[in-house]
2 protein chains.
Amino acid sequence: MTTMDKILSSSETLFDRHGFTATGMDKLTQGAGVSSRTLYKHVGSKNALIARVLDERDRRFAQFMEDDTIEALFNALEEWGRVEGRRGCLFLRALSETGGDTPEIKEAVLAHKMRMAKRIARLVEQETGDSDAALTEQIIVLFEGAAAAAAYRGEQAVAAARQAAVALLAGACS
Amino acid sequence: MTTMDKILSSSETLFDRHGFTATGMDKLTQGAGVSSRTLYKHVGSKNALIARVLDERDRRFAQFMEDDTIEALFNALEEWGRVEGRRGCLFLRALSETGGDTPEIKEAVLAHKMRMAKRIARLVEQETGDSDAALTEQIIVLFEGAAAAAAYRGEQAVAAARQAAVALLAGACS
DNA sequence: TTTACTGTAAAACGATCGCTTTACTTCGTC
DNA sequence: GACGAAGTAAAGCGATCGTTTTACAGTAAA
């Protein structure tokens, strides 16, 4: 595990558990077991660190979600929540904590959301036969809602989202 | 407008725009046009202020959403977003920024979520004839997803959530 | 053996954090 | 006309913020 890996993975955990603004640089260096100088040489600034953490999480999340049906996608989200915890979407949390006015963070968030939207659109097209923009938007909302509601309702929220998605897909096929 | 009203309403705006942790007491006193001593006499602490702001928002939100159908509820959410902005659910944002370990804040958030869940359950029962827990959970997820996704997809996310909710309700009635 | 890289520990930068205090005004009410 | 309630401005509390700096150690290639 390289120094960079240590920095990114422990920072991700700290940000996720305690929030971005509330987590100071001392906690981050201490968490990574690294001096502050080393951390700054690697990432440049706290905002850049946040953006890098989000990019890395996007990679990890996309890899975790490599599924070929909408139903499997929601199953993967359920499993992700069991493993990683359910504290809401870290990307939207980063966006809202910074008020959306940190360009590097905003870009990382929107890139992730764009990628997820495209993936869902592709799966919908695969399963229904044609590209249904309205249905795709509904599945996106369900996915987002599952992540958000699971923070206080637990994994039943993800299960409900999956059921709803499957029902809507079935309605579109007929 | 009383001093307390000024404090709560301007604090709500600042928290919503810039985040809870990122908004310091000086911005809050300055925003309310009030001395720091007055603010502390009224609210006691920053965490207590956050909790009070959330309670007040819950009141305002519930009043805004006084509707008698699920469809009307989503219409109201769409209108709320137009008027108040779409930056995600302020309650969940408060919860995640504080890591969930500030009791007074956590209580305010869960009280709000419980109230919304009960309202949705009642509306579902009104419209389908019986209390369908699974369908209720799906509508809750859609509502939560609309609020979250609207932050980066705009009001089309709310429209999609409404369409999905109506479709699921129709499926349950038959 | 020198050079370059990567790391450490620790102090310090000015600014800001949440919060308290001191000293003083303004105002309605009894 | 005295009094308490409710407000002000401004300084200061110790702590922490994000960031830079100084001074030094280990290692591997040239």
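Note that this is a predicted model, so its numbers are computed, not measured. By convention in this document, chain letters (A, B, ...) are assigned in the order of the sequence lines, proteins followed by strands, and residues within each chain are numbered from 1.
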(Q) Students often get this wrong, so: under 4.0 angstrom with heavy atoms, is A:T23 touching a base, only sugar-phosphate, or nothing? (A)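 Sugar-phosphate contact only - A:T23 comes under 4.0 Å of backbone atoms but never of a base.
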
Please state how far atom [atom1] in [X] lies from atom [atom2] in [N], giving the value in whole angstrom units.
X     : N      : atom1 : atom2 : result
B:K27 : C:dT16 : NZ    : C1'   : 9 Å
B:L39 : C:dG18 : CG    : C1'   : 11 Å
A:Q30 : C:dA9  : CD    : C1'   : 14 Å
B:L28 : C:dC19 : CG    : P     : 11 Å
A:M25 : C:dC13 : CE    : C1'   : 15 Å
A:I7  : C:dT8  : CD1   : P     : 8 Å
A:R37 : C:dT8  : CZ    : C1'   : 10 Å

(Q) So does A:T38 get a backbone contact from the side chain of A:H42, meaning a donor-acceptor N/O pair under 3.5 Å? (A)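 Yes.
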
Q) Judged by atom type as modelled, is there a donor-acceptor pair below 3.5 Å linking the side chain of A:T128 to the main-chain atoms of A:D130? A) yes

Q: Would you please classify the geometry between the A:H112 ring and the A:F91 ring as parallel, tilted or perpendicular, with 30° and 60° separating the classes?
A: parallel

Q | B:R52 atom CZ, over 12 foreign heavy atoms within 6.0 Å | A |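 No, because the 6.0 Å sphere around CZ of B:R52 holds 12 heavy atoms or fewer from other groups.
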
Q: Please check if atom CD in B:Q30 has more than 12 non-hydrogen atoms from other residues, nucleotides or ligands closer than 6.0 Å.
A: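 Open.
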
Q. Is there side-chain contact between B:Q138 and A:Q163, with at least one heavy-atom pair below 4.5 Å?
A. yes

Q: Side-chain contact test, heavy atoms from C-beta onward, threshold under 4.5 Å: evaluate it for A:Y152 versus B:V109 and give yes or no.
A: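 Sidechains of B:V109 and A:Y152: no contact.
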
Q. Starting at the 5' end of DNA chain D, which residue's closest nucleotide do you reach first, A:S36 or A:A22?
A. A:A22

Q | Leading and trailing nucleotides of DNA chain D with any atom under 4.0 Å from heavy atoms of chain B | A |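 Result: D:dG7 to D:dA10.
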
(Q) If only side-chain N and O atoms count, and only distance matters, is there a donor-acceptor pair under 3.5 Å linking B:T2 with B:D5? (A) yes

Q) If you measure only the distance, is there a donor-acceptor pair under 3.5 Å linking the side chains of B:E125 and B:S131? A) no

Q | Proximity to DNA chain C (any heavy atom under 4.0 Å), residues of residues 43-57 of chain B only | A |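 Only B:S45, B:K46 qualify.
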
